[in-house]
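Each chain gets a letter, A, B and so on, in the order the sequences are listed, and its residues count up from 1. Source: prediction; values computed, not measured.
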There are 2 protein chains.
Amino acid sequence: MTVTLADVAARARVSAATVSRVLSGNYPVAERTRSRVLRAVEELEYVVNGPASALAAARSDLVGILVNDLADPFFGIIAGAVQEELSGAAGPGGEQLAVVCSTGGSPERELRYLTLLQRQRAAAVVLTGSASEDPEHARALTAKLARLSGAGTRVVLCGRPAQPASPAAEPPATLTTLAFDNRGGAQRLTAHLVALGHRRIGCAAGPAGRTTTGERLAGHRAALAAGGIADAPHRTVHGAYDRASGYDAAVELLRRDAGLTAIVAANDAVALGACAALRDRGLRVPEDLSVAGFDDLPFSADATPALTTVRLPLREAGARAGRLVTGREEPPPGGLATLRAELLVRGSTSVAYP
Amino acid sequence: MTVTLADVAARARVSAATVSRVLSGNYPVAERTRSRVLRAVEELEYVVNGPASALAAARSDLVGILVNDLADPFFGIIAGAVQEELSGAAGPGGEQLAVVCSTGGSPERELRYLTLLQRQRAAAVVLTGSASEDPEHARALTAKLARLSGAGTRVVLCGRPAQPASPAAEPPATLTTLAFDNRGGAQRLTAHLVALGHRRIGCAAGPAGRTTTGERLAGHRAALAAGGIADAPHRTVHGAYDRASGYDAAVELLRRDAGLTAIVAANDAVALGACAALRDRGLRVPEDLSVAGFDDLPFSADATPALTTVRLPLREAGARAGRLVTGREEPPPGGLATLRAELLVRGSTSVAYP
DNA sequence: CTGTTAGCGCATTCAG
DNA sequence: CTGAATGCGCTAACAG
C-alpha cells in the first residue's frame with residue numbers, strides 16, 4: 001500500500017541499496033543512475049520512512065527543546081530561534097525537527113520529557129530557562145544528561161547555569177552551556193536604582209528554588225550591599241513569572257512597607273503586573289515608585305512608561321544553541337559561555353522622591 | 001551496549017513479547033510476571049527504542065504543529081495549548097510529542113514540513129494561522145493533506161479557514177477545522193469605530209494573499225459599507241504582522257491622508273507600532289486618532305492606552321486542537337467549528353474629534 | 001495468559 | 001560504482 005524503498009528500486013531498476021545511497025547522498029553514485037532513481041522517487045511520490053531509517057542508522061533527526069512555557073515569549077523566542085537554526089542546517093537527507101516540550105517548571109516533567117526524548121533517540125536536547133535548585137533533582141538530572149550524552153545525544157543548556165558535575169564522572173564533552181549573566185544584570189539594575197537615591201526597594205522575585213531566581217536575587221543583594229543598604233528579607237516576595245504574580249507581589253510589598261520607592265521585578269511580565277497594581281492604588285510610575293523588569297521582551301518597550309529592564313540576548317542564545325546542536329558552531333572553551341545582560345534604562349525608573 | 005527488550009526479557013525470564021505487552025499495557029498480563037518485568041526494566045534502566053517500535057507498529061507518537069513564527073505569542077499560545085493537551089493525554093506507552101515547525105508564512109516551507117512530518121509517520125498534524133490564498137498552493141496543500149490523512153494522520157486546521165475541497169475527492173473525514181471568526185470580529189471592530197463617528201479610517205492590514213488578511217479586510221469593508229462609507233483603497237496598506245510594519249503603516253497612511261481619525265491594525269503588535277509612530281509625530285491616542293488591534297495578546301492590556309481589540313480564543317482553540325488530535329474530543333458536526341471573536345473596547349478608541 | 005514466528009523499511013557491511 | 005545479504009529492536013498475529 002504505502003510505497004517503500006524497494007518499490008523505488010524496482011522502478012529505477014537498481015537495488016534498494018543504491019536508492020538508499022542516492023537519498024542519503026553520502027556515497028558516490030553514477031550520475032545516470034542517480035537521476036533515474038530520483039525520477040522514480042518523484043513518480044512514486046516516495047517519502048522515506050523515518051522510523052525505519054532511524055532504526056537502521058541508530059540515529060534520528062529529532063532535537064528536543066525543553067521550555068517552561070511555550071506561551072511565554074521568553075521561551076517562544078528562544079525555541080523559535082533554535083528551531084529556525086535547525087531548518088537552516090538542511091542536512092543531506094533532510095533537516096532536523098524540533099520537539100518542543102513544556103515542563104511548566106516541574107523537575108519531574110523535565111525528567112520525563114528527557115526520557116521520552118531518549119526513547120526517540122533524539123540527536124540533541126536543548127534545556128532552556130531556569131533549573132531546580134533541589135540537590136536531588138540536580139543529581140537526577142545530571143545522571144540523565146550523562147546517559148543521554150553517552151548515547152550520543154548532544155546536550156545544550158541554554159539560559160541556565162552549568163549543571164553541577166556529578167561526583168564521580170566529569171561532565172561529558174558533548175555538554176555545552178550557554179548561561180545568561182543574570183547575577184550581573186540584576187546587580188547593575190539595582191545599582192542603577194540605588195544610584196537614583198532609592199533605599200527602600202521591594203523585590204518581586206521569581207519562584208523559590210530555581211537557579212534564575214537565585215542568581216537575580218544574588219545580584220540584587222550584592223548591589224544593595226554595595227550601596228550600604230541593609231538586607232531586609234521582608235522586602236522580597238516570591239511568585240510565578242507572570243503578570244498576576246506581579247500584581248499580587250506589589251500589593252503585598254506595599255502592605256509590608258508602604259514607604260517603598262522602587263520595585264524590581266522577576267521579569268517584565270511581573271513588572272507590568274506590579275505597575276497595574278500601583279496604578280489601581282493611585283500610585284504613579286515613576287513619580288511615586290520606580291519599577292524595573294528583566295528580559296526586555298518586545299512588549300516592554302510599549303508599556304507606559306516604557307520599562308527599565310535588563311536585556312537578555314534571547315534570540316542569539318537560541319540561535320547559538322541551534323548551531324551547536326547542528327554542529328555548525330564550535331562549543332566555547334570549557335563548554336561554557338556566559339551571555340551579556342545589558343541594563344536598559346527607560347521611563348519606569350527615576351530619582352527617588354522621598 | 002544499549003539495553004534492549006531482549007535483555008529485559010532475559011532478566012525477567014519471559015519472552016520479549018511479554019515485555020512488550022507489559023510496556024504497552026494493551027494486553028492482559030499476570031500481575032506477578034508484570035511486576036517482574038517492571039523490576040527488570042528498572043534495574044536495567046531500559047528505555048524503549050522509539051523508532052523501532054514506530055516501525056513495527058507502523059505509527060509514531062509525534063504530532064506536528066505548524067506555525068508562522070514561534071516567537072510570536074499568537075502562535076506560542078496556540079502551540080503551547082496544543083502541546084499541553086498532548087501531555088495531558090498520557091497514552092498507555094507514553095505520551096505524544098509535539099514537533100513544532102515555523103514556516104515563516106512560506107507555503108513552500110509549509111509543504112516541506114508536511115513532507116518531513118509525513119516521513120516521521122506523524123500521528124497528527126495541526127496547521128495554525130493563516131493560509132496562502134494562492135490557488136496553486138492551496139491545491140498542493142489540499143493534495144498533501146489528503147495524502148497524510150489517507151495514511152492515517154489526523155489533520156486539524158486551527159485558526160485558519162477550511163481547506164478548499166479538491167475537485168475530485170471529498171475532504172477526508174479525519175480533517176477537522178477550527179476557524180476564527182475573523183470577518184465577524186473585524187466587522188464589529190470597525191462598526192464600533194463607525195459608531196463613534198469615525199469616517200476616515202486607515203487600515204494597516206496584514207500581508208497580502210493570506211486568508212486571515214482577506215477575512216479581516218472583508219469584515220472591515222463590510223462595516224464601512226454598512227456605515228455608508230465609500231471604499232477608499234488608498235486607506236489600506238499591507239505589511240507584516242509585526243510592530244515595525246505597524247509603525248511604517250501608520251506613517252504611510254497619514255502621508256496619504258492626514259485627516260485620518262482612526263486606524264485599525266492587522267493585529268496588536270501592528271497596532272502598538274502604529275501607536276508608537278503617532279506618538280513620535282506628536283499625536284495622541286485616542287484624542288487625535290483612535291487605534292485598534294486584533295487578537296488581544298496579553299500585553300495589549302498593558303499598553304497605554306490599553307488597546308481596543310478583538311479577542312480570539314487562542315488557548316481554547318489550541319487546547320481543542322490538541323484534544324481532537326488525541327481523540328479525546330469529537331470533531332464538530334461537519335468537521336468545522338467557528339470560534340467566537342469578541343470585541344474588547346478599551347482606552348485606545350474614542351469618539352472622533354474632527 | 002505466555003511463547004514462537006515473522007516481518008516492519010531501511011542502512012550497511014561485504015563482494016563483485 | 002553497484003548488488004546481495006544481514007540485522008537494527010520491536011510488535012503482531014498465531015499457536016499453545
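For A:R121 against D:dG9, no side-chain N or O and base N or O form a donor-acceptor pair under 3.5 Å.
Which of C:dG3, D:dT11, D:dT2 sits closest to the side chain of B:A56 comes down to D:dT11. When the nucleotides C:dC10, C:dC1, D:dA4 are ranked by their closest atom to the side chain of A:A52, C:dC10 comes out on top. The nucleotide whose nearest atom lies closest to any side-chain atom of A:Y46 is, among C:dG3, C:dC10, D:dG9, C:dC10. Relative to the side chain of A:S20, the nucleotides C:dG9, D:dT11, C:dT12 differ in distance, and C:dT12 lies closest. Of the candidate nucleotides D:dG3, D:dC10, D:dC8, D:dC8 has the atom nearest to the side chain of A:L55. Closest to the side chain of B:S53, from the set D:dC10, D:dA12, C:dA11, is D:dC10.
Distance CG/B:L62 to OG/A:S60: 9.0 Å, rounded to 0.5 Å.
Applying the 4.0 Å criterion to OP1 and OP2 of D:dT2, one finds that A:T33 has a side-chain N or O inside that range. Between B:T18 and the phosphate of C:dG3, there is a side-chain N or O to OP1/OP2 separation shorter than 4.0 Å.
If you measure from atom CG of A:N26 to atom P of C:dA11, you get 9 Å, rounded to the nearest angstrom. Atom CZ of B:R119 is separated from atom P of C:dC8 by 21 Å (rounded to the nearest Å). For the pair A:Y27 OH and C:dT12 P, the interatomic distance rounds to 11 Å; values are reported in whole Å. Atom CZ of A:R21 and atom C1' of D:dG3 are 8 Å apart (whole Å). In this structure, CD of A:E31 is placed 10 Å from P of D:dT2, rounded to the nearest angstrom. Between the CZ atom of B:R13 and the C1' atom of C:dC1 there is a distance of 19 Å, rounded to whole Å. Between the P atom of D:dC8 and the CZ atom of A:R59 lies a distance of 17 Å, rounded to the nearest Å. In this structure, A:L23 atom CG and C:dA11 atom P are separated by 7 Å, rounded to whole Å.
Residue B:V14 is classed as a sugar-phosphate contact, given heavy-atom separations below 4.0 Å to backbone atoms only. Here A:L5 lies in heavy-atom contact (under 4.0 Å) with sugar-phosphate atoms only. Among the heavy atoms of the strands lying under 4.0 Å from B:A30 are primed sugar atoms or P, OP1, OP2 only; no base atom is included.
Side chain of A:S102 to backbone of A:V67: no donor-acceptor contact under 3.5 angstrom is found. At distances below 3.5 Å, at least one donor-acceptor pair connects side-chain atoms of B:T153 with backbone N or O atoms of B:A122.
Taking for each of B:A57 and B:A16 the nucleotide of DNA chain C with the nearest heavy atom, the 5'-most of the two is the partner of B:A16.
In this structure, B:E84 does not pair ionically with B:R320, as no charged nitrogen and carboxylate oxygen lie closer than 4.0 Å. For the pair A:E110 and A:R160, the salt-bridge criterion is met [side-chain N within less than 4.0 Å of a carboxylate O]. Salt bridge B:R112/B:E108: absent, no basic N to carboxylate O contact under 4.0 Å.
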